[in-house]
Peer 1: 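Take this structure, written in structure tokens, and hold onto it; I'll ask about it next.
As the structure is a computational prediction, the values presented were derived from the model and not from experiment.
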Amino acid sequence: DSGVTQTPKHLITATGQRVTLRCSPRSGDLSVYWYQQSLDQGLQFLIQYYNGEERAKGNILERFSAQQFPDLHSELNLSSLELGDSALYFCASTRELVTDTQYFGPGTRLTVL
Amino acid sequence: GENVEQHPSTLSVQEGDSAVIKCTYSDSASNYFPWYKQELGKRPQLIIDIRSNVGEKKDQRIAVTLNKTAKHFSLHITETQPEDSAVYFCAASRSAAGNKLTFGGGTRVLVKP
């Protein structure tokens, strides 16, 4: 167990809908990273937050957004869902910005029908 | 941006033999290179990592080597066991870019008893 938690574990929804994925970092970790793992794109970085502020952005679609709250948990919002958004979504956390070792949560499997 | 290539995509070895996975990266400023093991439907688990100031690191049956000049790094697993069967991902990051990980495409390793 990495200490990073994610909810829900599974999510099944329809095209056009909106969902929210939640991540709680390890105790004391200030930075949260979101990654998407799909069969055709592999593991891809989406976005990073540090202590409530956005720090880096990857290939995140405009339909996706995220935020990190004062208690340091983070939420990834996916809207206008398409079939191709079906994937495993992982978050990872690190203690500080300069900390490189990332520990991954168990992931949320999103299925868009 | 950073690009990480990983080879081979699949690797089948006999139990007790060694397995070697190779990755190349494009950004010479990358300074951290972790390896993750992922079982089906589970989170990526960090198995070993190496930083750019080190050429080699070993942890029991697992070792990683880094050649900064050639911009490639390799994972070596000796005395493979059936429980080593999984997908292995290499990744690269640089602290100046917030340590977001760029992953290779993965190697599916099958250890035959």
Side-chain angles (χ1 to χ4, degrees), chain A residues 1-6 9-10 23 25-26 29-51 53-60 66 68 86-111, chain B residues 1-10 21 23-27 29-54 57 59 64 66 73 86-108:
Chain A
D1 186 2
S2 65
V4 180
T5 61
Q6 288 185 249
K9 196 171 181 179
H10 300 281
C23 167
R26 295 185 315 159
D29 282 4
L30 299 174
S31 191
V32 171
Y33 303 76
W34 285 98
Y35 294 88
Q36 178 193 55
Q37 185 174 33
S38 60
L39 282 174
D40 56 344
Q41 296 290 324
L43 263 165
Q44 287 204 312
F45 168 74
L46 294 177
I47 198 163
Q48 176 199 10
Y49 277 82
Y50 175 77
N51 206 20
E53 292 190 6
E54 182 185 305
R55 293 294 299 192
K57 238 176 179 176
N59 296 324
I60 187 167
Q68 186 178 27
S86 296
L88 265 168
Y89 292 85
F90 291 102
C91 76
S93 70
T94 61
R95 188 73 42 145
E96 292 285 348
L97 273 180
V98 297
T99 310
D100 44 28
T101 306
Q102 295 185 25
Y103 297 95
F104 282 72
T108 293
R109 180 174 292 281
L110 173 67
T111 302
Chain B
E2 174 70 279
N3 183 50
V4 178
E5 306 243 345
Q6 183 172 347
H7 298 281
S9 56
T10 58
I21 304 170
C23 289
T24 59
Y25 60 99
S26 61
D27 186 353
S30 288
N31 55 4
Y32 176 64
F33 308 91
W35 286 87
Y36 287 86
K37 175 184 179 182
Q38 187 180 31
E39 296 174 0
L40 191 62
K42 300 286 181 65
R43 64 184 177 93
Q45 285 191 288
L46 180 70
I47 56 171
I48 196 166
D49 55 13
I50 192 166
R51 292 172 178 82
S52 58
N53 58 347
V54 175
K57 184 176 178 181
D59 182 5
V64 58
L66 171 65
F73 56 113
V87 179
Y88 291 80
F89 291 94
C90 63
S93 72
R94 58 186 175 100
S95 50
N99 292 314
K100 57 181 171 69
L101 294 171
T102 300
F103 286 88
T107 297
R108 184 174 300 279

Peer 1: Does atom CZ of A:Arg95 have more than 12 heavy-atom neighbours, drawn from other residues, nucleotides or ligands, at distances under 6.0 Å?
Peer 2: yes
Peer 1: Look at atom CG of A:Asn59 and say whether more than 12 heavy atoms of other residues, nucleotides or ligands are closer to it than 6.0 Å.
Peer 2: no
Peer 1: Do B:Tyr32 and A:Thr101 make a side-chain contact, defined as non-hydrogen atoms from C-beta onward lying under 4.5 Å apart?
Peer 2: yes
Peer 1: Counting N and O atoms only, with roles assigned by atom type, does the side chain of A:Gln48 sit under 3.5 Å from a partner on the main chain of B:Asn99, one being a donor and the other an acceptor?
Peer 2: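 The answer is no, because no donor-acceptor pair under 3.5 Å joins these two groups.
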Peer 1: For a ring-ring contact (aromatic ring centres under 6.0 Å, His included) with B:Phe103, tell me which candidate from A:Phe45, A:Tyr33, A:Phe90, A:Tyr35 qualifies.
Peer 2: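 Result: among A:Phe45, A:Tyr33, A:Phe90, A:Tyr35, A:Tyr35 is the only option passing the ring-ring contact (aromatic ring centres under 6.0 Å, His included) with B:Phe103.
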Peer 1: Does any backbone or side-chain atom of B:Pro34 lie under 4.5 Å from a heavy atom of chain A? Answer side chain, backbone, both or neither.
Peer 2: neither
Peer 1: Atom CD of B:Gln38 and atom CD of A:Gln37: how far apart are they, to the nearest 0.5 Å?
Peer 2: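 Here the rounded value is 4.0 Å.
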Peer 1: To check you understand the geometry: which heavy-atom pair defines the closest contact between B:Arg43 and A:Gly105, and what is its length?
Peer 2: CB-O, 3.0 Å
Peer 1: Which bit of B:Leu46 is near chain A, if near means a heavy-atom gap under 4.5 Å: side chain, backbone, both or neither?
Peer 2: side chain
Peer 1: Side chain, backbone, both or neither: which part of A:Asp1 has a heavy atom under 4.5 Å from chain B?
Peer 2: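 Just its backbone gets close to chain B.
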Peer 1: Using non-hydrogen atoms only, which part of A:Ser31 is less than 4.5 Å away from chain B: side chain, backbone, both, or neither?
Peer 2: neither
Peer 1: Count the heavy-atom pairs under 4.5 Å between each of A:Gly107, A:Pro106, A:Gly42 and chain B, then report the option with the highest count.
Peer 2: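 Going by pairs under 4.5 Å, I would pick A:Pro106.
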